[in-house]
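This report refers to the structure that appears directly beneath it.
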Amino acid sequence: MTMSLRTIIKRKSYIGRENCEHSERPLYGRRGIAMKALYSDGSVRDAEDELKVIRHTTSHILAQAVKRLYPETKLAIGPAIADGFYYDMDREGGFTEADLPKIEEEMRKIVKENLKLETYTLSRDKAIEFEKGRHEDYKVQLIEDLPKDEVISFYKQGDFTDLCAGPHVLYTKQCKAFKLTSLAGAYWRGDEHNKMLTRIYGTAFANKEDLEKYLNMMEEAKKRDHRKLGKELGLFMFADEGPGFPFFLPNGMVLKNTLMSYWRSIHVPAGYKEISTPMMLDRKLWEMSGHWDHYKDNMYTTMVDDVPFCIKPMNCPGSILVFKSEARSYRDLPLRLAEFGVVHRHEKSGELHGLMRVRCFTQDDSHIYVTPDQITDEIEAIVRIIDRMYSQFGFKYHVELSTRPKDSMGSDEDWKLATDGLKKALETMKMPYVVNEGDGAFYGPKIDFHLEDSIGRTWQCGTIQLDFQMPQRFDVQYTGADGQKHRPIMIHRVVFGSVERFIGILIEHYAGKFPVWLAPVQVKVLSVSEKSRGYAVKVTQQLMDAGVRCENDDRDEKIGYKIREAQLQKVPYMLVLGEKETADGSIVAVRSRDRGDLGARPTAEFIAQVQKENAERTN
RNA sequence: GCCACUGUGGCUCAGCGGUAGAGCGACGGUUUCGUAAACCGUCGGCCGGGGGUUCGAUUCCCUCCAGUGGCUCCA
């Protein structure tokens with residue numbers, strides 16, 4: 001199986017001083033010479049990861065600058081991360097963006113001073129005493145939480161000393177290519193019950209050129225932002241009347257429907273049966289499923305004839321009612337009930353993000369009822385489907401296995417069984433994955449598939465969840481070969497995850513330049529002048545009859561204008577029809593969005609080609 | 001929800017104490033034109049909502065709403 005995988009980069013990090021995230025960037029030395037780094041044992045040797053070291057030191061320079069300018073600031077943590085670094089600090093009144101230039105200026109001074117970095121260790125008590133003495137409360141906490149046998153090291157550069165495991169560069173001058181990028185609130189230790197600190201983000205590179213390159217890349221990436229393209233291409237919109245509730249516009253609807261029919265073309269032959277369950281159901285059902293206990297805060301509720309109802313945040317209970325609507329036999333299993341279920345979830349206002357994070361979305365959901373010995377095969381089959389569908393789009397993805405969360409239900413044995421089941425499937429398939437402790441659903445562990453957006457943020461899309469709980473809670477049964485009643489196991493799974501989120505990823509992945517099979521408008525017919533208007537109408541009709549999604553632009557505009565507009569709308573093919581084509585009566589001049597003028601060819605030939613690209617889903 | 005920032009016609013943005021401006025779009029004309037923007041004209045905004053300061057607020061302050069970047073949470 002071909003699979004495009006990447007190592008994980010997670011932007012977030014919680015742990016103290018050792019949590020400089022590992023960068024996956026190539027380990028390059030400037031002009032081929034490996035950079036030296038100062039390790040906490042005092043040795044100087046080749047840096048294992050040059051960028052990480054530079055970024056980490058730059059975060060210290062940031063902290064040093066802040067302490068010089070605002071000595072009352074207390075420091076928390078300041079690791080290197082995937083694209084740069086940050087430092088969390090606590091200062092009365094916080095910081096604002098207006099402070100950043102000042103801080104940057106001070107940082108440049110520190111770089112210029114070319115301070116030498118030194119490292120030393122202290123005993124636990126001395127270290128605590130030292131940090132207490134200078135009122136670095138967060139540092140004290142960090143030290144107190146370090147394992148007993150941990151060596152506690154400090155790094156010093158000029159007037160600044162920080163608790164740190166290192167390594168660092170040798171002189172501050174090595175950190176001259178940096179930039180502070182943004183400012184954000186962040187809870188101490190990532191816990192929302194803790195105090196919110198100010199986090200200053202920045203990035204740093206080995207040299208100015210790399211920094212420039214990175215900043216330009218980020219600028220370019222912004223042009224691919226699905227929110228911007230969604231507006232420009234008329235795909236979707238939001239309204240004040242429904243924050244977080246997307247509206248699909250005609251072009252976006254074509255995209256959504258096309259994805260759904262692609263999905264069906266894969267799932268129907270794989271034995272999935274599609275159903276549709278109600279948008280809202282009696283609250284009693286949600287109490288029984290456990291949603292009311294574990295998911296209440298995210299659920300919308302209403303009253304129907306004085307009975308409390310819930311709008312569904314998930315499709316599983318509905319699916320179970322379908323399963324239970326008739327007597328099931330072991331011969332029916334695996335029973336794969338699929339549903340494009342529209343779910344509503346009350347997400348906190350600050351969490352919304354274009355189509356990626358919404359309050360109402362369409363899950364390409366399926367609930368598969370299996371016997372215990374069918375689990376592994378079924379999960380493998382699902383993983384194959386997911387890989388096949390992601391490969392269709394050329395997506396990079398990575399896999400995470402999420403284990404039991406704090407707020408969950410069921411016995412430890414069931415959880416272990418389920419988690420081992422998922423693990424086993426991944427291992428048989430030799431699928432690389434990372435374990436995400438405590439991140440499972442409240443009813444079971446899960447395998448998550450994460451895709452990347454244009455600026456490298458990853459979003460969970462596909463997921464496979466193994467569930468022993470719901471079947472128990474709902475007393476779901478089938479009759480086995482032995483004539484006895486048995487309890488099936490339920491697999492919850494999605495490929496797109498949220499069709500909305502998937503579309504968001506898709507827009508950024510293609511930068512709006514959809515291949516023919518996905519393009520809302522596949523062909524734009526452009527008449528050169530009014531003399532070719534009649535012919536344009538005829539060709540448009542031919543295209544429509546052939547099932548091609550096309551539009552005819554017959555306005556009194558110059559051909560250059562029409563082309564520009566079609567080009568900006570990222571229509572894959574434009575047909576330029578002038579007097580020559582009209583005179584011939586059976587040819588069209590083809591212009592490709594990506595390859596420019598392709599010259600004239602018989603209309604039939606062009607149609608056949610578009611049909612082929614469409615049918616084969618050529619990328 | 002929390003921290004910071006932003007919110008001016010359909011879109012992109014300027015103005016910032018004396019009651020609004022550009023380009024594009026839309027609309028009406030003129031033009032009928034061969035591969036990324038023809039020309040002329042017209043319409044269009046109680047400057048996100050509410051409150052306050054002021055003789056006067058788009059401009060200052062407060063508050064609410066929405067968006068952006070993060071945090072927490074998650075498909």
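These values consider heavy atoms only, across backbone and side chains, with no hydrogens, waters or symmetry-generated copies.
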Looking at B:rC74, I'd like to know if its phosphate oxygens (OP1 or OP2) sit under 4.0 Å from a side-chain N or O belonging to A:His346. no
Under-3.5 Å donor-acceptor pair between A:Gln569 side chain and B:rA36 base: no
Expressed in whole Å, how much space separates the C1' atoms belonging to B:rA22 and B:rA14? 7 Å
For B:rU32, does either OP1 or OP2 sit under 4.0 Å from a side-chain N or O belonging to A:Arg533? no
Return the value, rounded to whole Å, for the distance between atom CG of A:Asp556 and atom P of B:rC27. 13 Å
Tell me whether the side-chain N/O atoms of A:Lys348 come closer than 4.0 Å to OP1 or OP2 in B:rC71. no
How is A:Ala184 classified with respect to the nucleic acid when contacts are heavy atoms under 4.0 Å: base, sugar-phosphate, or nothing? base
Would you call A:Asp191-A:Arg189 a salt bridge at under 4.0 Å N-O? no
Without decimals, in angstroms, what is the distance between A:Asp88 CG and B:rC71 P? 10 Å
May I ask you to evaluate whether A:Tyr561 reaches the phosphate of B:rG25, defined as a side-chain N or O under 4.0 Å from OP1 or OP2? yes
Whichever of A:Met314 and A:Gly354 has the more 5' nearest nucleotide on RNA chain B, that residue is A:Gly354
Touch check for A:Val494, heavy atoms < 4.0 angstrom, all strands: base, sugar-phosphate only, or nothing? nothing
Without decimals, in angstroms, what is the distance between A:Glu192 CD and B:rG1 P? 12 Å
Of the candidates B:rA4, B:rG34, B:rC74, the side chain of A:Val576 sits closest to B:rG34
Polar pair under 3.5 Å, donor/acceptor by atom type, side chain A:Gln567, base B:rU35: no
Tell me: CD1 of A:Ile455 to C1' of B:rU68, nearest whole Å? 11 Å
Among B:rG67, B:rG70, B:rC33, the one nearest A:Pro243 by side-chain distance: B:rG67
Under-3.5 Å donor-acceptor pair between A:Glu581 side chain and B:rG34 base: yes
Name all stems that contain residues of RNA chain B, defined as runs of 3 or more consecutive Watson-Crick or G-U wobble pairs, both distances under 3.5 Å. B:1-7 with B:65-71, B:10-13 with B:21-24, B:26-30 with B:38-42, B:48-52 with B:60-64
Answer with base, sugar-phosphate or nothing: what part of the nucleic acid does A:Gly578 contact at a heavy-atom distance below 4.0 Å? base
side-chain contact (heavy atoms from CB on, under 4.5 Å) partner of A:Tyr87, the single match among A:Ile77, A:Ile200, A:Leu75: A:Leu75
Counting the atoms with a prime plus P, OP1 and OP2 as sugar-phosphate, which does A:Lys231 contact under 4.0 Å by heavy atoms, base, sugar-phosphate, or nothing? sugar-phosphate
Aromatic ring proximity, centroids under 6.0 angstrom, A:Phe85 and A:Tyr201: no
Touch check for A:Glu347, heavy atoms < 4.0 angstrom, all strands: base, sugar-phosphate only, or nothing? base
Distance-only donor-acceptor test (3.5 Å): side chain A:Arg189, base B:rC71: no
Treating A:Arg593 as the side-chain partner and A:Phe514 as the backbone partner, does any N or O pair qualify as donor plus acceptor under 3.5 Å? yes
B:rA4, OP1 or OP2 - any side-chain N/O from A:Arg91 closer than 4.0 Å? no
May I ask you to check whether A:Phe395 and A:His509 place their ring centres under 6.0 Å from each other? yes
ring-ring contact (aromatic ring centres under 6.0 Å, His included) between A:His492 and A:Tyr443, worked out: CA-CA 10 Å; A:His492 308 239; A:Tyr443 46 76; 4.5 Å; yes
Nucleotide B:rC3, atom C1' - distance to CG of A:Asp99 in whole Å: 14 Å
Any side-chain N or O of A:Gln460 less than 4.0 Å from the OP1 or OP2 oxygen of B:rA75? yes
How would you label the contact of A:His193 with the nucleic acid (heavy atoms, under 4.0 Å): base, sugar-phosphate, or nothing? nothing
Hey, could you give me the CG/OG1 distance between A:Asn552 and A:Thr540, rounded to the nearest 0.5 Å? 3.5 Å
Applying a 4.0 Å non-hydrogen cut-off, can you work out what A:Asp597 is touching in the nucleic acid: base, sugar-phosphate, or nothing? base
Consider the side chain of A:Glu557, meaning its heavy atoms from C-beta on, and name the nucleotide among B:rG67, B:rG70, B:rA38 that approaches it most closely. B:rA38
Go through B:rA4, B:rC71, B:rA36 for me and flag the one nearest to the A:Arg591 side chain. B:rA36
What I want to check is whether an N or O donor and acceptor connect the side chain of A:Tyr187 with the base of B:rG70 at under 3.5 Å. no
Fit a plane to each ring of A:Tyr573 and A:Phe606, take the angle between them on a 0 to 90° scale, and name the class: parallel (under 30°), tilted (30 to 60°) or perpendicular (over 60°). perpendicular
Measure the distance between the ring centre of A:Phe95 and the centre of the six-membered base ring of B:rA4, then answer whether it is under 5.5 Å with planes under 30°. no
What's A:Val499 touching, base or sugar-phosphate or nothing? Going by heavy atoms closer than 4.0 Å. nothing
Run the ring-centre check on A:Tyr295 versus A:Trp286 and record whether the distance is less than 6.0 Å. no
Students often get this wrong, so: under 4.0 angstrom with heavy atoms, is A:Glu565 touching a base, only sugar-phosphate, or nothing? nothing
How close or far is atom C1' of B:rC74 from atom NE2 of A:His294, stated in whole angstroms? 17 Å
Whole-Å C1' distance, B:rC2 and B:rG10: 34 Å
Would you say A:Thr403 and A:Glu437 are linked by a side-chain donor-acceptor pair, where the criterion is simply a distance under 3.5 Å? yes
Closer than 4.0 Å, any side-chain N/O of A:Ser349 to the OP1 or OP2 of B:rG1? yes
Classify A:Glu579 by what it touches in the nucleic acid, base, sugar-phosphate, or nothing, heavy-atom distance under 4.0 Å. base
Given B:rU32, is OP1 or OP2 found less than 4.0 Å from the side-chain N or O atoms of A:Arg555? no
Is it the case that the ring center of A:Trp188 lies less than 6.0 angstrom away from the ring center of A:His193? no
Counting just side-chain N and O atoms, does A:Lys531 come under 4.0 Å of either OP1 or OP2 of B:rC33? yes
Closest nucleotide among B:rA36, B:rA4, B:rU68 to the A:Arg227 side chain: B:rU68
Would you classify A:Arg357 as touching base, sugar-phosphate or nothing, given that sugar-phosphate means primed atoms plus P, OP1 and OP2, and contacts are heavy atoms under 4.0 Å? base
Taking the six-membered ring where the residue is Trp, are the ring centres of A:Phe393 and A:Phe502 under 6.0 Å apart? yes
Interatomic distance where CG belongs to A:Leu568 and C1' belongs to B:rC11 [whole Å]: 13 Å
Just how far, in rounded Å, is P of B:rU12 from CG of A:Leu229? 13 Å
How is A:Ala566 classified with respect to the nucleic acid when contacts are heavy atoms under 4.0 Å: base, sugar-phosphate, or nothing? nothing
Base, sugar-phosphate, or nothing for A:Met356, non-hydrogen atoms under 4.0 angstrom? base
A:Lys446 vs B:rA75: side-chain N/O to OP1/OP2 distance below 4.0 Å: yes
Nearest-neighbour nucleotide for the A:Ser498 side chain, B:rG1, B:rA75, B:rC2 considered: B:rA75
In terms of the nearest nucleotide of RNA chain B, which residue is placed more toward the 5' end: A:Gly244 or A:Asp448? A:Gly244
